[in-house]
Protein chains: 2
Amino acid sequence: MARRTYGQYCGLARALEFVGERWAMLIIRDLLVGPRRFTDLQRLPRIPTNVLSARLREMEANGLIRRRVVPRPASGVVYELTDYGAQLEPILLSLGAWGARALRDPTEGEVITPDSLVIALRATFQPHAAPPRLVSFELRCGPAVVHCVVDHGELAVTDVGPLPGADAVIETGPALRRLMAGEVAPEQALADGLVRVCGDAELLDRFVEMFHIDSLPVSQGVLEQARAGAATVHAG
Amino acid sequence: MARRTYGQYCGLARALEFVGERWAMLIIRDLLVGPRRFTDLQRLPRIPTNVLSARLREMEANGLIRRRVVPRPASGVVYELTDYGAQLEPILLSLGAWGARALRDPTEGEVITPDSLVIALRATFQPHAAPPRLVSFELRCGPAVVHCVVDHGELAVTDVGPLPGADAVIETGPALRRLMAGEVAPEQALADGLVRVCGDAELLDRFVEMFHIDSLPVSQGVLEQARAGAATVHAG
DNA sequence: CTGGATCCCTCACGATACTG
DNA sequence: CAGTATCGTGAGGGATCCAG
């Protein structure tokens with residue numbers, strides 16, 4: 001039996017052998033937004049180049065991603081998902097939505113990347129809350145800027161290209177999570193300067209309806225961690 | 001920033017900090033079947049006890065699982081999922097179904113555990129293919145034995161307890177995957193002795209309709225791995 | 001400048017032994 | 001039964017270097 005396997009004849013074990021190694025799913029996450037160069041992937045998550053190299057090779061060998069040489073104008077090499085790899089999208093989105101419920105305000109040094117913001121919007125999108133008419137906006141969360149178009153309950157969000165005639169520009173920071181979790185009302189956030197809107201200001205209300213993070217009951221989750229940590233400190 | 005984190009303010013990164021460490025999702029998998037003792041979890045996946053110990057402590061601190069002292073008759077300690085942890089079920093099932101598509105016949109030393117078999121059935125269940133009437137059977141895959149009841153498109157599968165009046169007993173081995181993937185027809189499998197059915201033999205046809213693994217196109221996936229491996233050997 | 005490979009150090013993992 | 005203790009190995013983290 002090969003090293004670093006689980007020794008179980010099980011679909012989940014096999015999946016984890018494919019994407020369970022450290023950094024693998026975050027690489028997939030970025031590739032879900034679009035093809036990426038080695039340097040793109042290396043940029044924001046502080047992944048060592050040798051680990052990135054190893055993951056790309058493993059996932060290519062396993063048929064999840066494809067290495068493609070790009071001709072002329074933008075010469076270089078890009079990595080992109082195969083069909084099989086791309087089928088991880090709903091799973092990673094669900095996992096992201098699940099994890100987002102445990103997020104609190106960012107800790108020191110945590111960054112928001114454009115790719116993670118795109119995925120966060122896809123993961124928290126509530127189709128049933130989408131307005132029937134076409135809505136488009138630009139979302140700025142710190143240095144990350146993404147474009148978003150919702151039409152007929154379908155969401156299209158990318159991190160590149162101009163967005164002509166956007167209905168609004170929403171500019172915010174990490175407080176974005178509090179908005180999406182309903183911890184602060186849009187009007188309150190506007191009043192407190194946590195968010196600014198240029199254009200159709202009503203769009204902020206639509207936004208928090210369309211992109212939602214369920215709140216995690218305080219009886220469980222991370223708060224327990226804080227308590228356990230405090231108890232440990234107290235007991236130790 | 002704590003060690004062993006990703007440094008990204010992202011729901012997926014947070015989720016991976018919770019369940020992305022080695023063995024964590026397989027522990028969750030077993031707990032999805034029911035509360036388990038330390039020794040139960042230690043049994044079949046060859047996880048070192050110190051690692052199991054560490055994962056249980058981490059996941060308890062993060063509010064995914066709960067440690068509960070069981071009184072009298074069956075004294076001891078069991079671990080069980082919290083509501084938040086249990087909400088991973090559809091995600092792990094999807095991930096398992098995705099990974100199952102890449103399975104081939106088991107390699108030397110790969111084992112099938114009862115818990116993984118229960119999860120495999122839940123993961124591959126096709127509600128639309130379930131018959132309207134109540135169907136129950138016992139599935140034996142090597143040493144793993146599970147009980148299965150399907151009623152009104154709902155699946156209930158466990159690894160324990162008697163199943164009175166089962167419609168059939170299906171006895172098979174790793175060839176189960178070939179059946180579910182449609183690589184071998186039920187009649188052929190019966191003729192080849194890959195599977196035996198006691199009771200309603202027609203139930204095997206219902207079974208392969210209700211529990212299905214999509215086949216992975218040969219143009220991608222694990223076959224590429226074999227080719228790449230061969231190429232590497234050849235080039236090296 | 002892209003696309004990596006190489007080196008070194010540390011810590012997480014893996015195996016086993018042992019204890020309340 | 002429910003873990004803790006110990007110890008060797010190798011994957012991950014971080015910096016640097018190199019080829020096209």
Any side-chain N or O of [X] less than 4.0 Å from the OP1 or OP2 oxygen of [N]?
X     : N      : value
B/Y6  : D/dG13 : no
A/R57 : C/dG3  : no
B/R67 : D/dG3  : yes
B/R22 : C/dG14 : yes
B/W23 : C/dA12 : no
B/T39 : D/dA2  : yes

Residues pairing under ring pair (Phe, Tyr, Trp, His ring centres under 6.0 Å) where one sits in residues 23-69 of chain B, two or more places apart or in two chains, turn out to be A/Y6-B/W23

Taking atom [atom2] of [N] as reference, at what distance in whole Å does atom [atom1] of [X] sit?
X     : N      : atom1 : atom2 : result
A/E21 : D/dG13 : CD    : C1'   : 15 Å
A/F38 : D/dA19 : CZ    : C1'   : 14 Å
B/L52 : C/dC13 : CG    : C1'   : 13 Å
B/I47 : D/dT4  : CD1   : P     : 13 Å
A/Q42 : D/dT16 : CD    : P     : 14 Å
B/R4  : D/dG13 : CZ    : C1'   : 10 Å
A/R55 : C/dA5  : CZ    : P     : 14 Å
A/R43 : D/dG14 : CZ    : P     : 19 Å

Taking for B/V77 and for A/E58 the nucleotide of DNA chain D with the nearest heavy atom, the one nearer the 5' end belongs to B/V77

Q | Min side-chain heavy-atom separation B/V149-B/T158 under 4.5 Å | A | no

Against the side chain of B/R37, the closest entry in D/dA2, C/dA15, C/dT6 is D/dA2

* Asked: Does the base of D/dG3 carry an N or O that pairs as donor and acceptor with the side chain of B/N50 under 3.5 Å?
  ->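 No, no donor-acceptor pair under 3.5 Å.
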
I'd like to know if B/T49 reaches the base of D/dT4 with its side chain, counting only an N/O donor and acceptor under 3.5 Å.
yes

Does [X] pair with [Y] as a salt bridge, N-O distance under 4.0 Å?
X      : Y      : value
B/D159 : B/R36  : yes
A/R29  : A/D115 : no
A/R14  : A/E17  : yes

#### Entry: CA sep, side-chain torsions, deciding dist, call: A/R57, A/E60, salt bridge (Lys or Arg N to Asp or Glu O under 4.0 Å)
CA-CA 5 Å; A/R57 245 177 296 134; A/E60 187 188 5; over 6 Å; no

Overall bend of the helix from C/dC1-D/dG20 to C/dG20-D/dC1 (five pairs an end, 10° steps) is 30°

To the nearest 0.5 Å, atom OG1 of A/T82 lies from atom CG of A/L64 at 6.0 Å

Rounded to the nearest 0.5 Å, the CG atom of B/L92 sits from the CD1 atom of A/I91 at a distance of 10.0 Å

